[in-house]
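One structure below.
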Number of protein chains: 2
Amino acid sequence: MAEKKPSIHDIARIAGVGVGTVSRVLNSQPNVADATRERVERVMAELDYRPTFAARHIRTGRSQLFGFVTDQVLTTPFAHDLIRGAQARARQADHMLMVIDADGDDRVREQAVTNLLERGVEGIVYAAMFNHGVHLPAALREVPTVLVDCYEVARDLPSVVPDEALGGREATERLLQDGHVRIAMITNDALSTGYPAAVERFEGYCQALEAHGVTFDEALVREGLGSADSGYRHTRDLLDLELPPTGFFFGTDRMAMGAYFAFAERGLRVPHDVSVVGFDDQHYIADALRPALTTMALPHAAMGRWAVEHLLTASWGEGRPPVQHQLVCPLVERGSVGPVPAEPGRKG
Amino acid sequence: MAEKKPSIHDIARIAGVGVGTVSRVLNSQPNVADATRERVERVMAELDYRPTFAARHIRTGRSQLFGFVTDQVLTTPFAHDLIRGAQARARQADHMLMVIDADGDDRVREQAVTNLLERGVEGIVYAAMFNHGVHLPAALREVPTVLVDCYEVARDLPSVVPDEALGGREATERLLQDGHVRIAMITNDALSTGYPAAVERFEGYCQALEAHGVTFDEALVREGLGSADSGYRHTRDLLDLELPPTGFFFGTDRMAMGAYFAFAERGLRVPHDVSVVGFDDQHYIADALRPALTTMALPHAAMGRWAVEHLLTASWGEGRPPVQHQLVCPLVERGSVGPVPAEPGRKG
DNA sequence: AGTTCCACTGGAATCGGTTCCACACGCGCC
DNA sequence: GGCGCGTGTGGAACCGATTCCAGTGGAACT
């Protein structure tokens, strides 16, 4: 029964041709007579022949394989888009992806890179999240590498990240556009961390205010932690202000979710009484809220695609400084932004 | 500069030994003199030598590679645990995982399996979700295969799924335990689909009621769709009953989330006025709700681990019917279940 | 001293492909 | 008839590892 897999030599022998000819058929090269090609193909189909990739790899030196190291991002629903984008682009170029989750463990990360190099990957995508600085294993330098949603602190590796500032600006402008002026911003992390995901979204907020001639009010800015609970608490605080904000811009959808509960407690309706814009487009949350949440989408699929594209097409090893690419975060309009309510306390 | 990678022959030549000796050192085999071993290792370190895995693969016939095909599960946060569990077990056995997302597309799925077979995988894990029946590409039969959270309709492939019935039963018992008698169950899908994830959770619910001598009330059972919106609507409906339920068991956490909004609308507090148990343990949701949601966890990490374990240790090709394994869903106690409230309308 | 045994070693054969070189054959041209 | 050329083909060499067999030298035993 379980006879071993046929090799190219078996095919050649049975079809009565040389191995070279079989190889030519396999690779759809010209200079094979139609009759011969057909005969070889028939034999291959007959025996259920499948070429062994490793053999090709060893001879040609091309593995047609990229490593995809995820760090914390796999814990999130974002991973899907990231991997899908990367995989789709890789497939177009007949490459495969080898995904390893480093899970924040240095030893595992190191090991992962070593394993990938032994497997002969032609490039590595290193995907993290929160657009933060990282220090990568030195071994990564042996092979083209692209960073996704993070960057090497030395800026000596190409990276692709969301345009956080532009996203922050557009989110704020969406609220301004509907007449909101008292707009709160709850950052997704302490600004002191220096994470672009926190700092630049906030800067975008400031830019938007300035561009529209709205004076910045420090009381409306809170440093959140990203969690639903954090959103809930800061929202309660903000609602306790003498002149509470009418528009809320949260650095994460999770905080916006927490805010919905704070609004419900106070009997405030979205978007009738308060307007909300989130960030991240975690659709499990954003779609599920009532009303659904208007938010800025992180371009994960695009980043994944871009990373592989760059591995495939960039000229490596040259002197110029590596690209630090930014991709726009599209506004996803749902139902949480509306016009500024008439202010009951200000009638007279 | 970019001289090509050293091979085992280079190492042998430079260290002044035969290739066989280098190979023995590489594989930490005995019968190598300490001095020789040391010299070879020094040369390898010197040249930054890394063995080419493909060459080993071709010679030994062992790829030390498993395929991991995900179908829809990658869209969810569950993917992380699944891949982590599988990867952890694989790493222990010096195997790697090649993850491909089929994304519900038959052509991609077919292609994925072909590619994996060409890469010489020693087994394939096929992971879907919702514990439903699937028809798999015939090519899968060429290599050991384990199904996760789904099953081949012919039951001719081993699979591992959550014990949905037991989960449904324990969820219901958790409510019974706190004195609830009018317990609603909102299924996560139409029962007519026949999906075990829907049908068996419901059966578990029935079993629990019966075991505790509580009469089944058809009016308290609703066929939901899994979405937050669906949970919201059914909850409103149920609250409109003359004798509304005090306990709610939702087939998904997302529906439970929708329910929270329905409760908020009616001014009902969890768990003071109503108690809720979810299913899935989507912690982004379950942790974020206020109060956090008590729910049944899907054992994704364990399923991933079990699948790889089975690939590694099961005896394949033998006659006995393939294992259909079930893993328990642990109850994750948070804060959404409390004692039955006194019934205001029933005082007299 | 001769035999046996063991630790250690070198290198040829091998895995399944690709690549390249040599060559056969038919055809048209001078 | 000799030459050149293009098409189609076979097969040796090669890629980088493992495996196995033969062989060396020294220690231990008879």
Could you check how far [atom1] of [X] sits from [atom2] of [N], rounded to whole Å?
X        : N      : atom1 : atom2 : result
B:Ile8   : C:dC15 : CD1   : P     : 18 Å
A:Gln29  : D:dT7  : CD    : P     : 14 Å
A:Glu118 : D:dA17 : CD    : P     : 10 Å
A:Ile58  : D:dG16 : CD1   : C1'   : 4 Å
B:His57  : C:dG17 : NE2   : C1'   : 12 Å
A:Asn31  : C:dC21 : CG    : C1'   : 14 Å
B:Arg24  : C:dG10 : CZ    : P     : 8 Å
A:Gln64  : C:dG17 : CD    : P     : 15 Å

**Within 6.0 Å of CG in A:Asn27, more than 12 heavy atoms from elsewhere** = yes
With respect to the side chain of [X], which nucleotide from [options] is positioned closest?
X       : options                : answer
B:Arg59 : D:dT9, C:dT9, C:dT14   : C:dT14
B:Leu26 : D:dC15, C:dT18, D:dA17 : D:dA17
B:Thr21 : C:dG11, C:dT9, C:dT18  : C:dT9

Once you apply a heavy-atom cut-off of 4.0 Å, does [X] come out as touching a base, just sugar-phosphate, or nothing?
X       : result
A:Thr60 : sugar-phosphate
B:Gly16 : sugar-phosphate
B:Val32 : sugar-phosphate
A:Val17 : sugar-phosphate
A:Ser23 : base
A:His9  : base

**Message:** Is it true that A:Arg84 and A:Gln87 share a donor-acceptor pair across their side chains at a distance under 3.5 Å?
**Reply:** no
**Item:** Any A:Val22 side-chain heavy atom under 4.5 Å of A:His9 side chain
**Value:** no
**Message:** At less than 4.0 Å, is any side-chain N or O atom of A:Asn27 found next to OP1 or OP2 of C:dT18? Yes or no.
**Reply:** yes
**Distance test, side-chain N/O of A:Thr36 to OP1/OP2 of D:dG8, below 4.0 Å** = no
**Message:** Should the side chain of A:Arg50 and the base of C:dG16 be counted as holding a donor-acceptor pair, with the cut-off at 3.5 Å?
**Reply:** no
**Complete:** On DNA chain C, more 5' by nearest nucleotide between B:Ala33 and A:Pro51 is B:Ala33
**Item:** Main-chain N/O of A:Arg62 paired with A:Thr60 side-chain donor or acceptor, under 3.5 Å
**Value:** yes
**Request:** Kindly determine whether A:Glu118 and B:Arg56 satisfy salt bridge (Lys or Arg N to Asp or Glu O under 4.0 Å), including the steps that lead there.
**Result:** CA-CA 10 Å; A:Glu118 288 188 359; B:Arg56 168 179 310 179; 5.8 Å; no
**Request:** Between B:Gly20 and B:Ala54, just flag the one whose closest nucleotide in DNA chain D comes earlier from the 5' side.
**Result:** B:Ala54
**Request:** Take the angle between the ring planes of B:Phe78 and B:His300 and call it parallel below 30°, perpendicular above 60°, tilted in between.
**Result:** parallel
